[in-house]
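What you see is a predicted model; the values in this text were computed from it and never measured.
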Amino acid sequence: MPRNTLLRQLLEERHLTTYPAFEAQFARAARNLAEEAGDPRLASVAVSSRQFDRWMSGELKQLPRPDTCRVLEELLGRAARDLFASASAYPPTAPEPLPANVPPSPQVGPTAHDDDPTEIVAQARQLACGNVDQTTLSFLASRIEVITERYEKDGPDGLWGQTKSLRSMGHTLLAGQQPPSARRELFRITARAGGLLGYMAVNPGAFPLAEAYCAEALELSRTIGDLDTEMWACGTQSFAAYYAGRYDEADARAAAAVDRAPNHPQAIRLLVNGRARALGKLGDRNQAERAIGRALELSDRHDVAPGLTSCISFLPYGRARTLANALTARVALQDTGHVLRDAENLDDLVEKSDSAWSRSLVRLDVATAMLQQRAPDVEHAMSLGQQAITLASPLPISSVRQRSRDLYERAAPWRSRPAVREYGEQLRIWGRQLPPAEAG
């Protein structure tokens, strides 16, 4: 059993029992002490995770180095020798001396209040403190940005662990205490980390897990009135329903979120990725075109980026991303002429992007449209399909896998042609290289 030291007891009271939470607060105390003492060297004092684990288990045989002791004393307000002793060995310390600007309690006889002014001031100070500072919040927010920026390069498998750790740290810190402004930002970061995990869970078809993470993101974002994150999470719920084949649900979820804030920048994604694509699958041409038109109107109103924003970004959809989604909706509606014209306009923007997935998906959409023509160009369609598989092979995602299989099924009338047989063989080889859950 770990020895219950005063250090362990105080860290438990402050919800600093995990290394990341403790490290953030220790670093802040080191910076504060360095400034107070005029000794910059103290700001670099650090504690390793192994050392922290020994402290928590009470295994320390001698006191840490003097500088480390000074930072601990700054952080916890107790002498180092007391901190590493048994929690029962030292009675609570006497209250701090009364601040100079707080007058002593008046002695007015038996009716005097027994409130302790020192305790009142100490309580106020405690409420104003927290287990997370602005540096930590900025670091956590920057990790969200890094994950969204790298998603189309590293894929969900490469970023799942980092994102899960980020969400876990958010939960650990939220179990402690923060001033309102810091707590609101921590809610937002944790909601977004959960939302990203929900989006990533769609890739292997883990739809219940995706729903759970999105529900968490919605709960946290609504608690702080973060409409931006709330609408993004609703869009991800719609996205998951679409790839689960529940097109009515995908449209309904997106429509409900758009009704919540029709002119919000996040409505662009909800309209074109959520509504238009689902309506295309449902064969509702008029409503799908109306959703696309409204998404493009909002793109103009909010002056969005012209290029291909990351598919998982919390930023508003860029215009090229919106047009690529419209392309998919029109493929489902078999609006071949429109698809081929739009693809030609999109080609330059998509080809210049770093997203192999987007280039792959546009090729698959164009290939499908070529088979829908009155005079199908089977050889060109299969060539585009093979290019799409080659582009996506290093980091396959559910949308590419699904559309590549759909293309092969649509090419069924021409299975005897060499181009179709070659595409089918490449598709089979690719499927054997994927884990069983992803190979379909």
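Under the salt bridge (Lys or Arg N to Asp or Glu O under 4.0 Å) criterion, the residue pairs touching residues 267-278 are Asp251-Arg275, with sequence neighbours excluded.
Annotation: Tyr151 is in aromatic contact with Trp357 [ring centroid separation under 6.0 Å].
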Checklist line | Verdict with supporting geometry, Leu186 and Leu140, side chain to side chain contact (heavy atoms under 4.5 Å, CB included) | finding: CA-CA 9 Å; Leu186 196 53; Leu140 296 177; 4.0 Å; yes
Item checked: Glu35 vs Arg28, salt bridge (charged side-chain N to carboxylate O under 4.0 Å, His left out): CA-CA, chis, key distance, verdict -> CA-CA 11 Å; Glu35 186 175 345; Arg28 184 172 71 166; over 6 Å; no
Notebook entry, point to check: Is there a side chain to side chain contact (heavy atoms under 4.5 Å, CB included) between Gln25 and Leu75 once you walk through the steps?
Noted result: CA-CA 8 Å; Gln25 294 308 302; Leu75 176 63; 4.0 Å; yes
Next item on the list: Let me see the working for Cys311 and Tyr199 under side chain to side chain contact (heavy atoms under 4.5 Å, CB included), right down to the final yes or no.
Entry: CA-CA 10 Å; Cys311 62; Tyr199 192 107; 3.6 Å; yes
Next item on the list: For Arg41 and Asp39, run salt bridge (charged side-chain N to carboxylate O under 4.0 Å, His left out): C-alpha distance rounded to whole Å, both residues' side-chain angles, the deciding distance at 0.1 Å, then the answer.
Entry: CA-CA 5 Å; Arg41 179 181 51 83; Asp39 185 354; 2.8 Å; yes
Note to self: Between Glu73 and Arg70, does the salt bridge (charged side-chain N to carboxylate O under 4.0 Å, His left out) criterion hold? Intermediate values first, please.
What the structure shows: CA-CA 5 Å; Glu73 290 169 351; Arg70 290 178 66 187; over 6 Å; no
Next item on the list: List the steps and the verdict of salt bridge (charged side-chain N to carboxylate O under 4.0 Å, His left out) for Arg330 and Asp365.
Entry: CA-CA 9 Å; Arg330 286 166 173 154; Asp365 282 343; over 6 Å; no
Next item on the list: Start with the C-alpha distance between Asp342 and Leu323, add both sets of side-chain angles, then the distance that settles side chain to side chain contact (heavy atoms under 4.5 Å, CB included), and finish with yes or no.
Entry: CA-CA 8 Å; Asp342 286 354; Leu323 291 172; 5.5 Å; no
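Between the side chain of Trp232 and the backbone N or O of Leu315, no donor-acceptor pair lies under 3.5 Å. At least one donor-acceptor pair under 3.5 Å links the side chain of Arg183 to the backbone N or O of Leu174. In this structure, Thr309 contributes its side chain and Ala305 its backbone to no donor-acceptor pair below 3.5 Å. Side-chain atoms of Thr163 never come within 3.5 Å of backbone atoms of Ala193 as a donor-acceptor pair (strictly under, hydrogens ignored). Looking only at distances, no side-chain donor or acceptor of Thr190 sits under 3.5 Å from a matching main-chain atom of Phe187. Side chain of Thr136 to backbone of Val132: no donor-acceptor contact under 3.5 angstrom is found. Within the 3.5 Å criterion, the main-chain N or O of Ala250 finds a donor-acceptor partner in the side chain of Ser238. Between the side chain of Gln237 and the backbone N or O of Gly198 there is no donor-acceptor pair closer than 3.5 Å. For Ser142 (side chain) and Phe139 (main-chain N/O), a donor-acceptor pair under 3.5 Å exists by modelled atom type.
With a 6.0 Å radius and a threshold of 12 heavy atoms from other residues, nucleotides or ligands, Glu219 has its CD atom at or below the threshold. No more than 12 heavy-atom neighbours from other residues, nucleotides or ligands sit within 6.0 angstrom of CD on Glu344.
Put simply, the side chain of Phe26 reaches to within 4.5 Å of the side chain of Val45, judged on heavy atoms. Between Leu76 and Leu11, the closest side-chain pair of non-hydrogen atoms falls below 4.5 Å. Side-chain contact between Glu36 and Arg31: absent, with no pair of heavy atoms (C-beta onward) separated by less than 4.5 Å. Inter-residue side-chain proximity for Ile147 and Met200 is flagged as met; some heavy-atom pair is nearer than 4.5 Å. Leu196 has its side chain within reach of Ile144: a pair of non-hydrogen atoms, C-beta onward, lies under 4.5 Å apart. Looking at Glu249 and Tyr242, their side chains never come closer than 4.5 Å, going by heavy atoms from C-beta outward. Thr5 places none of its side-chain heavy atoms less than 4.5 Å from the side chain of Leu83. Met169 has its side chain out of reach of Thr18: every pair of non-hydrogen atoms, C-beta onward, lies at least 4.5 Å apart.
Arg403 and Ser360 share no side-chain donor-acceptor pair at under 3.5 Å. A donor atom on one side chain and an acceptor atom on the other are not found under 3.5 Å apart for Gln266 and His302. For Arg192 and Thr229, the side-chain atoms include at least one donor-acceptor pair closer than 3.5 Å. At a cut-off of 3.5 Å, with distance as the only test, a side-chain donor of Ser138 or Gln134 sits close to an acceptor on the other residue. Checking Asn325 against Thr322 by side-chain atom types alone, no donor-acceptor pair falls below 3.5 Å. Side chain to side chain, Asn131 and Arg14 fail the donor-acceptor criterion of an N or O pair below 3.5 Å. Side-chain contact annotation: Gln51 with Arg54, donor-acceptor N/O pair under 3.5 Å absent.
Within the model, atoms OG of Ser404 and CD of Gln386 stand 12.0 Å from one another, a figure rounded to the nearest 0.5 Å. Rounded to the nearest 0.5 angstrom, Asn4 CG and Leu7 CG are separated by 10.0 Å. Separation of atoms CG (Leu33) and CG (Asp67) is listed at 8.5 Å; rounding is to 0.5 Å. In this structure, the separation between CZ on Arg78 and CG on Leu6 is 5.0 Å, given to the nearest 0.5 Å. Taking CG of Leu282 as the reference point, atom CG of Asp284 lies at 7.5 Å (rounded to 0.5 Å). Rounded to the nearest 0.5 angstrom, Met231 CE and Leu218 CG are separated by 11.5 Å.
The pair Arg321-Glu152 counts as a salt bridge, with a side-chain nitrogen and a carboxylate oxygen less than 4.0 angstrom apart. The residues Lys281 and Asp248 are annotated as not salt-bridged, no charged nitrogen and carboxylate oxygen being separated by less than 4.0 angstrom. A salt bridge does not link Asp226 with Arg184: every distance from a Lys NZ or Arg NE/NH1/NH2 to an Asp or Glu carboxylate oxygen is 4.0 Å or more. We find that Arg253 and Glu211 are joined by a salt bridge, their nearest charged nitrogen and carboxylate oxygen being less than 4.0 Å apart. Look at Arg8 and Glu12 and you find a salt bridge, because one of the NZ, NE, NH1 or NH2 atoms lies within 4.0 Å of a carboxylate O, short of that distance.
Taking the six-membered ring where the residue is Trp, Phe52 and Tyr19 present tilted rings, their angle falling between 30° and 60°. The aromatic rings of Tyr243 and Phe239 sit perpendicular to each other, their planes meeting at more than 60°, with 30° as the lower class boundary.
Across Asn203 and Pro156, no two heavy atoms sit closer than the pair ND2-CG, 3.5 Å. Here the closest heavy-atom approach between residue Ile292 and residue Ala329 is recorded as CD1-CB, 4.3 Å.
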